[in-house]
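The shown structure was predicted, so the numbers you read here are calculated from the model rather than taken from an experiment. Order of listing sets the numbers, starting from 1, for every ligand and every atom in it. FYI, the numbering just counts along the sequence from 1.
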Amino acid sequence: MTTHNMPINPTGGTLKGVRGMMLTFTDDPFLRDESQCYKLYNDGLAVIQDGRFVDVGEYSDIEPKYPNLKDIDVHEDALIIPGMIDCHLHYVQSPMIGSFGDSLLDWLNTYTFPTESKFKDKEFADEVARMFFRQILSQGTTSANIFATTFATSVDAIFEESERYNTRIISGKVLQDRDLPDSLKDPNTEGSIILTEELMKKWHHRGRQLYAVVPRFAPTSTPLQLQLAGELYQRNLDQGVYMHTHLDEVQSEIDWVTRLFPERKNYTDVYDYYGLIDRNSVLAHCCIVREEEWQTLHRNGCGVAHCPSSNLFLGDGEFKYWEAKNQERPVKVGMATDVGGGTNFSVFRQLGEAYKVAMLQDHSLNAIRSLYLATRGAAEALHLENTVGSIAPGYEADMAVLDLKPSEFAAWRLQFSDDIFKKLFVLMTLGPDNNNRATYVAGRKVYDRDREQQFLYADMTL
Ligand code: GUN
Ligand code: ZN
């Protein structure tokens, strides 16, 4: 696992502090005693230099060590957490989020494909990327694994906007060369791989940007495209390139894959056969998964994205975290919005939906486990657990500041819950539109709900 040790926000060594109640995870609470998996600082202080945390702990222990630390943001009635990480979403679907659909495949054909076809136009792509980033940052999401679409313009637009904020994202050109409208389809299979390689050279490890090989899903790629995509992924795996796709979302999709690839054992085996299942692979949904598929995902160290609001909205199927987190062969899981199948941009609001999805199947999901899936668990699913998703020395200094008084009613209600995890569960369940007050990226407050200029690019000063 690479740790990205270069300064990511050079400030000439100036120290910056952020103070308030603080929560960060150190281990997986699905696999170990929950009380041993997190650190909670009641009055915490995070010290940041050159975009990274250099020290974290209780204010009374840390502050005396840094006589030169003058610039401290104090957040009262709030909980500071690592910036949330969205393991799977489509920025190109922002213009059609919330559209009606009879089923996943109908919804894709009617709304998704026509919308994605418009991203050949760079100006349109730029406008959507700008709006998209404002949504995720305002919700406290600082890293995301993002689908673009077929066109290079759609990839450049999202990375350019990410670079302006200095966020760590993963994205890449979507590979799709069959069973789509001509306006969206890759016109040439070999050409689609050459273009992917060019974009990878341009964007992978440029600042905090990371590149993924992205076949949309098995049915919309020819066997040749899957094969070439797998070869490209394998050639670049050691450089930390990703593979990102959909898997086992809904039964009609699985049936389609079975018809197209009758010689393969199961859906996961289709990807595995073409070299697409490996340690940097991220698979979205995984609602209807056979035991042998979980074993393949475990053996390869793949990450899985749980997309509860999308699965409910599209009537897909239900994710089973207790299967994914089987102690014998655990699989890495992170939370995801899957915008535009998901109905909002908030990773935090997914947690309330994930609880309901579990409850429908005689399980539940508490606040400790949920918050882990939104932060450190998601970083593990994206193979970035040494880089983001924790407030600890050496990590990139991305944070969200959750408001514990986001509305008159929520503030009143929360006084009746006596510990922070009970309060967090209530907040997840009441689901205010947005309970994030501020967002830090590489130590800079790029979003502040209460500031006149709410959003700041990395090179802007107030
Ligand atoms: N499977 C293939 N493409 C998509 C998509 O855009 N959204 C969802 N939810 N599932 C998919
Ligand atoms: Zn998706």
Side-chain angles (χ1 to χ4, degrees), residues 86-119 128 132 136 144-150 154 158 170-181 184-186 212 214-221 225-226 229 242-257 260 267-268 270-271 276 281-289 303-319 334-345 347 350 353 357 378 381-382:
D86 194 331
C87 289
H88 171 77
L89 78 172
H90 305 246
Y91 96 88
V92 290
Q93 294 176 12
S94 307
M96 47 72 67
I97 184 172
S99 295
F100 173 82
D102 275 330
S103 66
L104 168 66
L105 301 178
D106 161 72
W107 175 87
L108 286 173
N109 283 318
T110 313
Y111 295 100
T112 312
F113 296 155
T115 301
E116 291 193 19
S117 300
K118 296 188 198 167
F119 283 76
V128 178
F132 169 84
I136 64 169
N145 187 25
I146 306 170
F147 258 62
T149 188
T150 316
S154 72
I158 195 68
I170 305 166
S171 192
K173 176 199 145 33
V174 175
L175 294 162
Q176 38 193 0
D177 68 346
R178 71 163 155 180
D179 247 313
L180 291 145
L184 192 60
K185 212 189 303 184
D186 283 310
V214 189
R216 181 178 207 112
F217 63 161
T220 48
S221 284
Q225 191 174 47
L226 293 174
Y242 289 84
M243 197 291 298
H244 181 195
T245 191
H246 297 89
L247 174 67
D248 285 333
E249 179 175 359
V250 61
Q251 193 59 47
S252 53
E253 166 210 17
I254 297 170
D255 295 343
W256 189 13
V257 172
L260 288 172
Y267 195 164
T268 305
V270 174
Y271 293 137
L276 293 161
S281 304
V282 183
L283 295 308
H285 298 293
C286 297
C287 298
I288 308 166
V289 185
V304 159
H306 177 13
C307 314
S309 88
S310 173
N311 296 155
L312 290 170
F313 184 69
L314 294 171
D316 290 335
E318 292 108 23
F319 183 79
M335 202 44 70
T337 61
D338 189 31
V339 164
T343 46
N344 61 72
F345 291 85
V347 173
Q350 302 307 307
E353 302 301 299
V357 167
L382 300 185

Quiz item: Passes side chain to side chain contact (heavy atoms under 4.5 Å, CB included), E253 versus F217? Steps please.
Solution: CA-CA 9 Å; E253 166 210 17; F217 63 161; 3.4 Å; yes
Quiz item: Can you tell me if S281 uses its side chain to pair, donor with acceptor, with the backbone of L276 under 3.5 Å?
Solution: yes
Exercise. Indicate yes or no for a side-chain donor-acceptor contact from T220 to the backbone of R216 under 3.5 Å, with no hydrogens or angles considered.
Key: no
Practice problem: Please identify which atoms of ligand 1 are closer than 4.0 Å to at least one heavy atom of H90. | Solution: 5 (C), 6 (O), 7 (N)
Quiz item: Looking at side-chain heavy atoms only, is the closest gap between C87 and H306 below 4.5 Å?
Solution: no
Practice problem: Report the part of T220 in contact with ligand 1, treating N, CA, C, O as backbone and CB onward as side chain, heavy atoms under 4.0 Å; options are side chain, backbone, both, neither. | Solution: neither
Exercise. Any atoms of ligand 1 less than 4.0 Å from a non-hydrogen atom of Q93? List them with their elements.
Key: 5 (C), 6 (O)
Quiz item: Stepwise, does the ring-ring contact (aromatic ring centres under 6.0 Å, His included) test hold for Y91 with F119?
Solution: CA-CA 11 Å; Y91 96 88; F119 283 76; 5.6 Å; yes
Quiz item: Which one holds for D316 and ligand 1: side chain close, backbone close, both close, or neither close, with close meaning a heavy atom under 4.0 Å?
Solution: neither
Practice problem: For T115 and Q93, indicate whether the former's side chain and the latter's backbone hold a donor-acceptor pair under 3.5 Å. | Solution: no
Quiz item: Would you say the side-chain atoms of S309 pair up with the backbone N or O of T343, donor to acceptor, closer than 3.5 Å?
Solution: yes
Quiz item: Quick check: does R216 get an N/O under 3.5 Å from an N/O on ligand 1?
Solution: yes
Self-check item: Short side-chain to backbone donor-acceptor contact, Y242 and L382, under 3.5 Å
Solution: yes
Quiz item: How far is atom 5 (C) of ligand 1 from its nearest protein heavy atom, and which residue and atom is that?
Solution: L108 CD2, 3.4 Å
Practice problem: Indicate yes or no: does an N/O atom of D338 lie under 3.5 Å from an N/O atom of ligand 1? | Solution: yes
Self-check item: Atoms of ligand 1, numbered as shown, that sit under 4.0 Å from any heavy atom of L314
Solution: 9 (N)
Quiz item: For D186, does its backbone N or O pair with a side-chain atom of T150 as donor and acceptor, under 3.5 Å?
Solution: no
Practice problem: Would you check if the side chain of T110 reaches a backbone N or O of W107 as a donor-acceptor pair within less than 3.5 Å? | Solution: no
Exercise. Would you check the N or O atoms of E253, main chain and side chain alike, for any that come under 3.5 Å of an N or O of ligand 1?
Key: no
Practice problem: Report yes or no: does Y111 contribute a side-chain atom to a donor-acceptor pair with the main-chain N or O of I97 at less than 3.5 Å? | Solution: no
Quiz item: So H90 and F147, would you call those rings parallel, tilted or perpendicular, with 30° and 60° as cut-offs?
Solution: tilted
Quiz item: Between W107 and ligand 1, does any nitrogen or oxygen pair lie at a separation below 3.5 Å?
Solution: no
Quiz item: Leaving waters out, which protein N, O or S atoms fall under 2.8 Å from the Zn ion (ligand 2)?
Solution: H88 NE2, H90 NE2, H246 NE2, D338 OD1
Exercise. Output the list of atoms in ligand 1 that are nearer than 4.0 Å to some heavy atom of E249, sorted by atom number.
Key: 1 (N), 8 (C), 9 (N), 10 (N), 11 (C)
Quiz prompt | Atom indices of ligand 1, in the order listed, that fall short of 4.0 Å to a heavy atom of F217 | solution = 1 (N), 2 (C)
